Novice: 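Once you've had a glance at the structure underneath, I'll fire off some questions.
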Amino acid sequence: MTTKAQAVKREKIAGKAEVKPAPEKVIDTTRSAVPFDTGNIPGPKMAKAVMPAVPGKMLAKAKRPLLIVGSEVHDKNVLARAVAIGKTGIQIAAVGNSYTSLGNKGLDVHYANLHALASYLCDPEWKGLDGKGGYDLVVFFGITYYYASQAISALKNFSNIKVISIDKYYHPNADMSFGNLKDDVFLAALDEVIKELPKR
Amino acid sequence: MTTKAQAVKREKIAGKAEVKPAPEKVIDTTRSAVPFDTGNIPGPKMAKAVMPAVPGKMLAKAKRPLLIVGSEVHDKNVLARAVAIGKTGIQIAAVGNSYTSLGNKGLDVHYANLHALASYLCDPEWKGLDGKGGYDLVVFFGITYYYASQAISALKNFSNIKVISIDKYYHPNADMSFGNLKDDVFLAALDEVIKELPKR
Amino acid sequence: MIVKKGSFVIEGLENVQINIGKIGAEQEQAVEGPTPRPEVISLRNWDYRILDRYNPVYTPTSDICDYCTYGKCDLTGNKEGACGIDLEGQSARQALMISVMGAACHSAHGRHLLHYLIKKYGEDHLIDVGPSNLKAPLTETIMGIQPQTIGDFLPVLDYIEEQLTQLMAAANTGQEGSSRDFESKALHAGMLDLLGMEVADIIQISCMGLPKSDEKTPMAEIGMGILDPKKPVVICVGHNIAAPAYILDNMDRNGQFDKIEIAGLCCTAHDMTRYNRNAKIIGSMSKELKYIRSGIPDVLVTDEQCVRADILKEAKKLHIPVIATNEKITYGLPDRSNDSVDAIIDDLVSGKQDGALLLDLEKVGELVPKLAMKMGPIRKAKGLTALPNEEEFKKLVAKCTKCLQCTRDCPQSLPIGDAMAAAAGGDLVPFEILHDKCVGCGRCDYSCPVDIPVLNVIEKAAQRVIREEKGKMRIGRGQIGDPEIREEGRNLVLGTTPGVLAFVGCGNYPDGTKDVYDIVEEMIQRSYIIISSGCAAMDIGMYKDKEGKTLYERYPGRFIKGNLLNTGSCVSNAHIAATTIKVASIFAGRKTKGNWEEIADYVLNRVGAVGIAWGAYSQKAFAIATGCNRLGIPVVAGPHGTKYRRAFIGKPYRKEDWNVLDGRDGSVVNVEPAPEHLMITAETKEELMPLLAKLCFRPSDNSLGRAIKLTHYIELSEKYLKKMPEDWHVYVRSEQDLPVAKREQLMKLLEERGWKIDWEKKKITEGPLRKVDVSFQPTNVPRLCKEAKK
Amino acid sequence: MIVKKGSFVIEGLENVQINIGKIGAEQEQAVEGPTPRPEVISLRNWDYRILDRYNPVYTPTSDICDYCTYGKCDLTGNKEGACGIDLEGQSARQALMISVMGAACHSAHGRHLLHYLIKKYGEDHLIDVGPSNLKAPLTETIMGIQPQTIGDFLPVLDYIEEQLTQLMAAANTGQEGSSRDFESKALHAGMLDLLGMEVADIIQISCMGLPKSDEKTPMAEIGMGILDPKKPVVICVGHNIAAPAYILDNMDRNGQFDKIEIAGLCCTAHDMTRYNRNAKIIGSMSKELKYIRSGIPDVLVTDEQCVRADILKEAKKLHIPVIATNEKITYGLPDRSNDSVDAIIDDLVSGKQDGALLLDLEKVGELVPKLAMKMGPIRKAKGLTALPNEEEFKKLVAKCTKCLQCTRDCPQSLPIGDAMAAAAGGDLVPFEILHDKCVGCGRCDYSCPVDIPVLNVIEKAAQRVIREEKGKMRIGRGQIGDPEIREEGRNLVLGTTPGVLAFVGCGNYPDGTKDVYDIVEEMIQRSYIIISSGCAAMDIGMYKDKEGKTLYERYPGRFIKGNLLNTGSCVSNAHIAATTIKVASIFAGRKTKGNWEEIADYVLNRVGAVGIAWGAYSQKAFAIATGCNRLGIPVVAGPHGTKYRRAFIGKPYRKEDWNVLDGRDGSVVNVEPAPEHLMITAETKEELMPLLAKLCFRPSDNSLGRAIKLTHYIELSEKYLKKMPEDWHVYVRSEQDLPVAKREQLMKLLEERGWKIDWEKKKITEGPLRKVDVSFQPTNVPRLCKEAKK
Ligand code: SF4
Ligand code: SF4
Ligand code: SF4
Ligand code: SF4
Ligand code: SF4
Ligand code: SF4
Ligand code: SF4
Ligand code: SF4
């Protein structure tokens, strides 16, 4: 999985396979903070590259955060982290085909179409996926790069919601993002995000 | 002159006025390396922000460098630096109305229209302002910001010539540039560039 | 004296011109609706109805505007630029521009064809599209006229061009300021696009003997592996049949079909096979660079649209002469239209010139086969190809540093480095998979810091699968004839055919061409009617089942459930949209002439048709989609579709958005969100399929229809997303709407949701949004209500 | 029986229509050149001749393309995108798009006017433009016809719209691949733009009583200080006279000119004053936001073009109702065209609605004065304005942190922070200077982190100068009549009038509006003919000399050296270009009809005319410039012009580029680079002036002309750049070409350059590029040479 991993998009998680532990080395998620797709330069405002603790703390502090996860989540290692975040009680929007991996795991997970979701998120009247109220923070990973980038572009320009990418690609349209990460660093970064979250 | 200084564009240098000496403080010309005009984001390739010694050394090393100076050079302090560089024997293209200040100073200075000059510089057959051969390095300052930016855009995309901005604005289309500088830092930076040049 | 159409002047009365025309006939053509020849503003009320429910969603690719010299203006966060436009306005303006460009493309194509066909066949050449009274549904609905001859389309094109100029003008700096009105204008452009396509296809069908609503057109061969590369090979690239027709005629006359291989790339391929059964199809636009690099073509003929900009440059490297035949694409080539064929051939064969612009199509017809016969042997002898040989290949793949640069430049972010590594280890499968997903754009070639010609390496590695790339496509049939509509219309409107799915557009798929095959196979087995056109129609024919049969061979081509229809090239798209008009007219007796709003309202509320442009890349595809939207047809694009920057997405949670009127009395009725969106994207095919099923619901569906649609919606969601849809219940009005097999189970679920069930009577007593009402007449247009009419 | 033009049908012969038209007349209109109604490709050879010498220079604003969903593609360093286009191609494609947009704007404007005028005056309304036989020079040259009635322009607009659609199509992804051919197409669009403008202005002149080639039109008042703000104020914004004409007529009928102030902003202002002398002019587009914010307007009427996108939003804040009268700009306003005037007024006065879309122009005429009479007192009573009062002002300027953010967002990078500081210290002068340089775009308002409404502060600070802003402009005259050409043509062609300088375009000046005044004053004193139109024509009239006189008051308006002409609004630009055709036709007897290449060749080589678009911002200005370029007229823009991204710049050092043919025998002659560029920019006015003088040289100049042109070139360079030009000598062919006063001195300089001088005879014996040859016939078109004709 050195790339966007189309090959594994539809792989289902093999429940029994072992989840890779986070490597022990010190990581820096602010390097290579250039749009993963070379031409994806939106304008003067581009995401601040952050270390994992930042989104972790913001998630922990947010009143009503939403984790959005997409069709690149099926890799067992990545999925395990998504589940771990979900287990802390954070609501998940499973976009694309990610529900096939995220469903039936006891999470607060809702299928959503990302494009429609972006539209709803821009509507201050929207009451959320469960009708219980809007979101103040959106965090995402595991979504087809350009697709995520376009959806976030709507939020960036037409909403007041903070958007943080914890994906392995630098996402210029988010408010904060990791740089482009190697797989092992990516997993380690997710683990560091998880560390900041309150246990449930 | 805290801004682009339209106000002084046409001021002629008052020969007798004293030229400000460079301040003694340590300067960093790589800060605020964002396009001065907010919307001036050209694409993924943007100038590397450099300290003054870099262009200085490159100028000193270049086989046939060209200094391009424009209509914002008339401030006596800025002009003094342009003259100092010119005195080291580097050829100057006086674009816009800058010849009014740069002429008659014993420099190797030629009037040129910047737009035409950009076009000629993209032509590998061009023999230079004096017919003695093409240039391998172009360094500039004192040109209306957006005008310079557009001209350099031609060089960036359609020529192989290295382009360095030593202006007080960050120029994304150059290969290297200073960040956006305050006036005193700007003058000090020019002085540091000059330090690297061989005396004549 | 037989008076014929035409003009003449009476001697001595030089100022008097007598035109014999259809003045009488025109009187029969009473306009039936309020908006014949709608101006920019005429259908704005309808547009507002759409836009109020299906809100434009903007996903800018750039936060900066550089339209004028005040700029570049930073509009981040919806700030205003120097002209006062904000990012929303600018995004809507871009939507307008893209629609106008697309519409201009098809209309300019139609204009070119019409000039040429009138010159050849005369203005009075009759329209003949097959067994239909409603010959030109879009023309009737928009223009309010019923064209009889190809000359009748002249004012239609004049109208389109006038309107497009008005719209283009509105996009200038300092013009329209409202994003809503930019969208209304974009919808206008989309409608004009449908009209332009209809003109283009009807005239070529009528004059050039293309199939006329023929459900049983023969199969054409398709694929990169179908040609005999030992023969001289002529490849035509583009969309406009005019030039290839001359070549085909010439080859026919000279009996050269066994001597020369002739095939098309992109839509020209469609029309070549429609015109002459001996033509073959290489594939969609994605194959252009790949096929040229293979070195197989000996002559390239270009016309217009979807022709790569670097064709001349690429062809030149392999000494393949390029004959440009249309003034829209001239490549800087010398205009040889007035030179002798032999002189041109000499210059091309000798390599003195790389190609020629030849606007005299008769000469094109004469020259191309001749040139191919000369070039073929020369090029084959030299073995010209861009692909590396085995040894070079090994060296190249070994060079790769896995730097990811190519992946970052690749539109599909393909894992090229991994495939290089695998190939270095002798495993070519990753490259074979990559070949299917690769759109052949060539950007990777520019990326590689160690100068690996990446695309060539991919193609070399995929030779095994390429040789097997031999499919079949049912040749484009043209329109759906009135009789077929008459037969199927009721099923469609009542919902007993679950829906019409139109697979259209280009090959910029998110995950390879096979997706389209997989989706079509799934949906056709579920009895959806599948219509197709353009590159999508080609890609559907590229794959085979275990028995070696393509979908076209497995499923018949009638407009009836479980059939697979190919209308033809991109301009044949018009017929798909027009089919919904036919349903409204033939099945429901709606008046068409000049009656766009009523027709579109009918389609939106009653015709369960959905367009799928899974790989849409072009401005044209966007214009078509926008035109379909104005006609009330929802469209889904693949994830790349977000880069069109505007979608029309409904908000099911806003109840008030889903009020319609009951045409019987004008009363306001709250209905389910159906169709939920007008233009939206999905990330993967698994997400797409249940979405399609959902978008087929319409407020007018009866119980049987609802039950069928629900079945598929639920099953597809469970199959591909592993879940029951969260909103299936909104489409239920009574227990009759529940699929019989699952009725009990579903009623339990409804009870859990708080619905009241009378378990004895097996009846839902409380819960649904509204009751079943078989004669409900949903409409969004107040004036169409009986009450209002008084 | 008097047979009139028209159509009728004979009873019982319903299929026969008899048209009485100009069939006879048409026979007189023999096409004289090879390219009537040129298609996209027809003038490509001419374009190539231009492009080979004046190479397109691209200065991209973005290295990325996002035209289609394959993108965004990074094209940095001229890489190819996924469709095969490289950055050069993409830049050229943008040039095409900009030209097409501009041309569409003017043509759509013309179409709107023609519809309206034909409805009002009939197709047979005769063209009347003043004392000219050559009534429509561009129409003749391009279409090959001589229009007599306004209806004759119908096919002209059809032609333009058809061609624009073809060009727009060519800009799609997958179409044209050659940057050179994109430019040829852009030049075609530019030509169509000139044609569209001519149609628009001729029909309004002919039908609406605008001045007809009148050198002595009266003066109109201009400026932000001219209106009496105590009266109700109606302000019309845009370009299209149709709606304002109704308002003016209505006010005329009701004798309201002393009760209501009515004035225009942007080109509508030009045409309002041309239509009715009671109308006044506020100024160019730059004044829109400023004037609205002042709160003075009580009603705003918009039509089309150069209307800020935020007008409704801004007006709403100050309770100024907006009446939109054109379907191109509808602002999302409710369409009230079918409602009663009183009902609409009620809704607007009560504030129930912010504005209305009113496409029924008679209603506009009735409504607007009534509305103004109602709104005026209400609004004045409330003292509505956006400007801060004294106290607020002080607080605001004190808040500024000098953060520079506003400067970085300002198109002119104005030193706002400094002015704030000065104002805080009581010095308003920096703000007064700033007001002149500020284009009133409002971007600074969005920038300020401490929420200072920057533009309002500027305007408040500049109240003193604004009150004094009262200039005069000579009302637009329309065409230059044939008699004037007959008189002046020779001077122009021989060079004894140093040149025609056409000041056109918009107000995006690099350093304030006064530049234009300064430049015009300098050049008119040097006997150049100054023609003007559009916003530039307004800005020229805004400044006064010490005696309080504007340039229009100081200099007469005839087409003769040292005169200052205003043709009128933007569409009157056409007449400036057309003037060069008139020179070719009337003075030199060149055939015009369908003869573009020969005419353009004549202009390029012989007519010393230069366009100056010092503040050009719009797509229209670019299209006009590109059209002028195709006609052989060089254009210079201000530094913002580099953001158009393409220029046509000559390379004087490439000798071979400056070969022309001698029409007498077809021999190749190497000439001086004249004109040196076709489209270029300058950084400041000091750089501009000598450049203008230089660009007036033509290969055909005789000695007297050369001497005059050299005088100005040298003097201007010495005056403004403090140097002798480095290339003055290339324009010298003999000592006769040297200005008498400086002859000796210049000969010495030539000697220093290595020229041989016979000092006794005071003759140059060696040095010049070529000898004097009074009957030299420079041409770039081989077929125009006598030799070739054989
Ligand atoms: S069109 Fe408007 S937003 Fe775009 S560059 Fe021009 S002024 Fe700025
Ligand atoms: S040619 Fe294929 S692999 Fe290369 S960048 Fe394009 S899509 Fe990707
Ligand atoms: S760019 Fe070249 S070296 Fe880098 S991964 Fe791709 S093929 Fe390998
Ligand atoms: S479907 Fe798309 S790529 Fe194919 S021919 Fe049509 S527009 Fe071109
Ligand atoms: S038009 Fe070409 S360069 Fe532009 S985005 Fe599309 S593929 Fe890329
Ligand atoms: S309104 Fe004036 S000062 Fe403000 S940004 Fe625009 S031009 Fe600059
Ligand atoms: S942005 Fe505001 S605070 Fe900053 S310099 Fe401008 S006016 Fe002053
Ligand atoms: S000159 Fe420019 S700003 Fe003025 S009206 Fe014409 S196009 Fe608009």
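Just so we're clear, the structure is a prediction, and the values are computed from it rather than from any experiment. Below, chains carry the letters A, B, ... as their sequence lines are ordered, and counting in each starts from 1.
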Novice: Return yes if some donor-acceptor pair links the side-chain N/O of D:D66 with the main-chain N/O of C:T61 below 3.5 Å, else return no.
Specialist: no
Novice: Could you walk me through whether C:R44 and D:E327 pass the salt bridge (Lys or Arg N to Asp or Glu O under 4.0 Å) check?
Specialist: CA-CA 10 Å; C:R44 189 176 179 242; D:E327 58 184 13; over 6 Å; no
Novice: At their closest point, which heavy atom of D:Y48 faces which heavy atom of C:G332, and how far apart are they?
Specialist: OH-CA, 3.3 Å
Novice: Answer whether the closest heavy-atom distance between the side chains of D:T173 and C:K620 falls below 4.5 Å.
Specialist: no
Novice: Check whether C:L357 gets within reach of chain D through its side chain, its backbone, both or neither, counting any heavy atom under 4.5 Å.
Specialist: side chain
Novice: Which one of C:T330, C:V40, C:D310, C:I160 has the most heavy-atom pairs closer than 4.5 Å to chain D?
Specialist: C:T330
Novice: Using a 4.5 angstrom heavy-atom cutoff, name the option from D:A309, D:C441, D:G177, D:G641 with the most pairs to chain C.
Specialist: D:A309
Novice: Taking C:R308 for its side chain and D:Q175 for its backbone only, find out whether a donor-acceptor pair lies under 3.5 Å.
Specialist: no
Novice: To the nearest 0.5 Å, what is the distance between CD1 on D:I41 and OG on C:S337?
Specialist: 8.0 Å
Novice: If we define contacts as heavy-atom pairs under 4.5 Å, which of D:R180, D:M285, D:K72, D:H106 has the most with chain C?
Specialist: D:K72
Novice: Using heavy-atom distances under 4.5 Å, tell me whether C:H188 contacts chain D through its side chain, its backbone, both, or neither.
Specialist: neither
Novice: For C:A616, which atoms come within 4.5 Å of any heavy atom of chain D: side chain, backbone, both, or neither?
Specialist: backbone
Novice: Heavy-atom cut-off 4.5 Å, strictly under: side chain, backbone, both or neither for C:L312 against chain D?
Specialist: neither
Novice: Can you tell which part of C:C73 gets under 4.5 Å to a heavy atom of chain D, answering side chain, backbone, both or neither?
Specialist: both
Novice: The test is side chain to side chain donor-acceptor pair (under 3.5 Å); show your working for D:E162 and C:H115 and say whether it passes.
Specialist: CA-CA 12 Å; D:E162 175 181 330; C:H115 271 318; 2.9 Å; yes
Novice: Go through it in stages, so that I can follow the logic: the residues are D:M97 and C:M97, the test is side-chain contact (heavy atoms from CB on, under 4.5 Å), and I'd like the CA-CA distance, side-chain angles, deciding distance and then a yes or no.
Specialist: CA-CA 10 Å; D:M97 285 295 290; C:M97 285 293 289; 3.0 Å; yes
Novice: Look at the side chain of D:Q305 and the backbone N and O of C:G174, then say whether any donor-acceptor pair between them is shorter than 3.5 Å.
Specialist: no
Novice: Heavy-atom pairs under 4.5 Å with chain C are the metric here; pick the option from D:S178, D:G77, D:A103 that has the most.
Specialist: D:S178
Novice: Relative to chain D, which segment of C:K185 carries a heavy atom at a distance below 4.5 Å: side chain, backbone, both, or neither?
Specialist: side chain
Novice: Tell me the closest heavy-atom pair linking D:A169 and C:C105, and the distance in Å.
Specialist: CB-CA, 3.6 Å
Novice: Using non-hydrogen atoms only, which part of C:L164 is less than 4.5 Å away from chain D: side chain, backbone, both, or neither?
Specialist: side chain
Novice: Of all of C:I64, C:L167, C:L333, C:V100, which one pairs up most often with chain D through heavy atoms under 4.5 Å apart?
Specialist: C:L333
Novice: If we define contacts as heavy-atom pairs under 4.5 Å, which of C:H112, C:E161, C:Q94 has the most with chain D?
Specialist: C:E161
Novice: Check whether D:Q166 reaches the backbone of C:A108 with its side chain - one donor and one acceptor, N or O, closer than 3.5 Å.
Specialist: yes
Novice: Rounded to the nearest 0.5 Å, how far does OG1 of C:T165 lie from NE2 of D:H109?
Specialist: 14.5 Å
Novice: Go through D:G89, D:S62, D:G71, D:S618 and name the one with the most non-hydrogen pairs under 4.5 angstrom from chain C.
Specialist: D:G71
Novice: Pick one of side chain, backbone, both or neither for C:V237, based on which atoms fall under 4.5 Å of a heavy atom in chain D.
Specialist: neither
Novice: Using heavy-atom distances under 4.5 Å, tell me whether C:N45 contacts chain D through its side chain, its backbone, both, or neither.
Specialist: neither
Novice: Pick from D:H640, D:M101, D:E314, D:K313: which one has the most heavy-atom pairs with chain C under 4.5 Å?
Specialist: D:M101
Novice: In Å, rounded to the nearest 0.5 Å, how long is the span from SG of C:C83 to CZ of D:R443?
Specialist: 9.5 Å
Novice: What is the distance from atom OG1 of D:T69 to atom OH of C:Y617, rounded to the nearest 0.5 Å?
Specialist: 9.0 Å
Novice: Would you find a donor on one side and an acceptor on the other, under 3.5 Å apart, between the side chain of C:E176 and the backbone of D:Y331?
Specialist: yes
Novice: Distance check, rounded to the nearest 0.5 Å: D:D445 atom CG versus C:K79 atom NZ?
Specialist: 12.0 Å
Novice: Can you tell which part of D:L359 gets under 4.5 Å to a heavy atom of chain C, answering side chain, backbone, both or neither?
Specialist: side chain
Novice: So, D:Y67 versus C:Q619: side-chain donor-acceptor pair below 3.5 Å or not?
Specialist: no
Novice: Top residue by heavy-atom pair count (under 4.5 Å) with chain C, among D:N172, D:L289, D:V307, D:T642?
Specialist: D:N172
Novice: Give, for atom OG of C:S107 and atom CE of D:M168, the distance between the pair rounded to the nearest 0.5 Å.
Specialist: 11.5 Å
